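To keep things clear, I will list the structure first and then write my remarks on it.
Because the structure is predicted, anything quoted here is derived from the model rather than measured.
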Amino acid sequence: MKGYNKRFVYFICLVSAMGGLLFGYDWVVIGGAKPFYELYFDIADAPSMQGLAMSVALLGCLIGAMTGGTLADRYGRKPLLLTSAAIFLVSAYATGAFSAFSYFLIARFLGGIGIGIASGLSPMYIAEIAPATIRGKLVSLNQLTIVLGILGAQVANWLIAEPIPESFTPADIAASWNGQMGWRWMFWGAAFPAAVFLILACFIPESPRWTAIKGKVQQAERTLGKIGGPEYAREELRSLTETAGAAKGGEGGLRTLFSRPFRKVLIFGVVIAVFQQWCGTNVIFNYAQEIFQSAGYSLGDVLFNIVITGVANVIFTFVAIYTVDRLGRRTLMLIGAGGLAGIYLILGTCYYFEISGFFMVMLVVMAIACYAMSLGPVTWVLLAEIFPNRVRAVAMATCTFSLWAASFVLTYTFPLLNSFLGSSGTFGIYALICIAGFIFLRRLPETKGKSLEALEKELIKQDNTTNK
């Protein structure tokens, strides 16, 4: 494709990617608020309540991810984006406003539903809108907004929290502004971008692929014409009409997704989604306080070190955006799996020999950088493009559900592994998982530069051939 309406395409993709921004902020903000709300709710010595506060949003993610796909197929992508924006807005305000722990948990659970919907829907919508030649770059914008949301939460936590004197006892911290109001403002920070997302999402079009499948060909043609002109619209519609016709021949639900023709590509999607979590990098965001304190840093220094990891996350996501349509998805995934395996082995060895200080921070930053330029963004690119139009929404929902289930397992097991095996043994296990992931990813097909309809013919044809 030689030319396209850059202003229009980037506007609708960036608006959709704001779901990623809120996903990143809401997911990470709790890490900075954790030392304060635990004292406020008097759960600092209650591990089960601490774990519930940290993981209840992930349970919401599972529900949001699974129901989001079905609802997006029935009502369209745009209404679900608006719904997720509204959920983020309500959850952000409620989480900071409640003074009862049970209501706090409900608000976090609601925010998790918003994350579950947005995490699968935003990259899928962008993939369905974007021209094939720049699809990888545009879907990676969603990951960029996720890491900007993460960095935004880390910076907000650092700036909002007032300095904590070393002489302060837990009771002093609980009675301080941080313990009474600071943690509330950390959560309220998400309300401002959520309101902007809700307003701007009113001005983006419905996905032309969804409208074509639903028989609204003229609406699809108008949207495609705005993207690339009349000739591009006719070309895309020709391919879309073929797949839309195929979609009408089946229900396009879970039964279709789990049928023989789609089995191989579904396995690829689920394994990729689970591996993105089980590679272990995300525990650094959820348990950064424990990781850096075990490396010898005080709480004040920990908040600053967390910001450093966030900056590295953003910088190397730009590397992914620049390279994903050049080097390809498969190459970047292999670089990520192999690189993380090596870094974790070194990190585990350092923990074993009780090495602490700046070198440990550098290793953590290297792990974040490796993840940010590979497994973090490219996973979402692959999941958004490997599935056929007729099952894309339910397939994304299934894979996103698997991803958040894996995230829940990762988040829940890290303290247990850390307790039984120590940090060295825990990162040794993550290294072994990355080695296994590297071996599996060598079988991954390359998808760069191909239209979604061409990929459907290629991948489903491969699967049919395999199963004959």
Side-chain angles (χ1 to χ4, degrees), residues 20 24 123 127 133-148 150-151 267-285 308-350 361-386 399 403 406-407 410 427-450 455:
T133 53
I134 57 169
R135 188 176 58 243
K137 179 191 296 185
L138 291 177
V139 176
S140 295
L141 283 177
N142 185 69
Q143 179 67 17
L144 176 62
T145 59
I146 291 174
V147 300
L148 286 172
I150 290 172
L151 179 60
I267 290 171
F268 269 125
V270 170
V271 172
I272 291 167
V274 171
F275 178 58
Q276 192 216 44
Q277 293 299 306
W278 284 4
C279 74
T281 309
N282 284 329
V283 298
I284 294 172
F285 294 115
I308 293 175
T309 66
V311 172
N313 203 7
V314 171
I315 291 172
F316 282 88
T317 298
F318 278 106
V319 175
I321 292 172
Y322 180 77
T323 57
V324 67
D325 285 318
R326 291 172 171 81
L327 297 180
R329 288 58 155 158
R330 182 176 179 272
T331 300
L332 288 179
M333 293 290 281
L334 289 171
I335 289 172
L340 284 175
I343 294 169
Y344 288 155
L345 287 173
I346 298 171
L347 193 59
T349 302
C350 289
V361 175
M362 290 304 299
L363 284 173
V364 170
V365 170
M366 286 173 63
I368 293 291
C370 185
Y371 176 84
M373 64 174 286
S374 57
L375 301 178
V378 181
T379 293
W380 294 110
V381 174
L382 284 166
L383 293 180
E385 64 187 10
I386 62 175
C399 292
L403 184 146
S407 181
L410 180 82
F427 281 100
I429 288 176
Y430 295 153
L432 292 176
I433 292 173
C434 288
I435 292 170
F438 181 89
I439 294 170
F440 176 84
L441 290 170
R442 292 179 64 186
R443 303 171 55 202
L444 189 69
E446 183 53 71
T447 59
K448 71 170 182 176
K450 300 172 184 176
L455 283 172

Got a list of side-chain donor-acceptor pairs under 3.5 Å for residues 314-322, not counting sequence neighbours?
unit_1	atom_1	unit_2	atom_2	d
Thr317	OG1	Asn313	O	2.6

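- For the residue pair Thr281 and Tyr371, the shortest heavy atom distance occurs at OG1-CD1, 3.6 Å.
- No side-chain heavy atom of Ile346 sits under 4.5 Å from any side-chain heavy atom of Met366.
- Pairing each heavy atom of Asn142 with each of Pro123, the nearest pair is ND2-CD, 3.6 Å.
- Minimum heavy-atom separation, Cys434 to Phe275: CA-CE1, 3.7 Å.
- Judged by distance alone, the side chain of Lys448 and the main-chain N or O of Arg326 form a donor-acceptor pair under 3.5 Å.
- Here the closest heavy-atom approach between residue Ser140 and residue Val324 is recorded as OG-CG1, 3.8 Å.
- Note that the CG atom of Leu148 and the CG atom of Leu141 stand 10.0 Å from one another [nearest 0.5 Å].
- Going from atom CD1 of Ile134 over to atom CG of Asp325 covers 8.0 Å, rounded to the nearest 0.5 Å.
- Summarising the geometry of Thr331 relative to Glu446, their closest heavy-atom pair is N-OE1, 4.3 Å, with the distance given to 0.1 Å.
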Residues 373-382 side chain polar contacts: donor-acceptor under 3.5 Å, at least two apart:
unit_1	atom_1	unit_2	atom_2	d
Ser374	OG	Cys370	O	2.5
Thr379	OG1	Leu375	O	2.7

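- No side-chain donor-acceptor contact under 3.5 Å links Gln277 to the backbone of Leu403.
- Side chain of Tyr344 to backbone of Leu432: no donor-acceptor contact under 3.5 angstrom is found.
- At distances below 3.5 Å, at least one donor-acceptor pair connects side-chain atoms of Thr349 with backbone N or O atoms of Leu345.
- Across all their heavy atoms, Ala431 and Ala341 have their closest contact at CB-O, 3.7 Å.
- In this structure, Leu444 and Met333 have side chains that are in contact, with non-hydrogen atoms separated by less than 4.5 Å.
- Rounding to the nearest 0.5 angstrom, the gap separating the CZ atom in Phe440 from the CG atom in Leu334 is 11.5 Å.
- To the nearest 0.5 Å, the span separating CG on Leu138 from CG on Leu144 amounts to 11.5 Å.
- The distance from the CD1 atom of Ile433 to the CZ atom of Phe427 is 11.5 Å, given to the nearest 0.5 Å.
- Although no hydrogens or angles enter the test, the distance criterion places no donor-acceptor pair under 3.5 Å between the side chain of Tyr430 and the main chain of Leu340.
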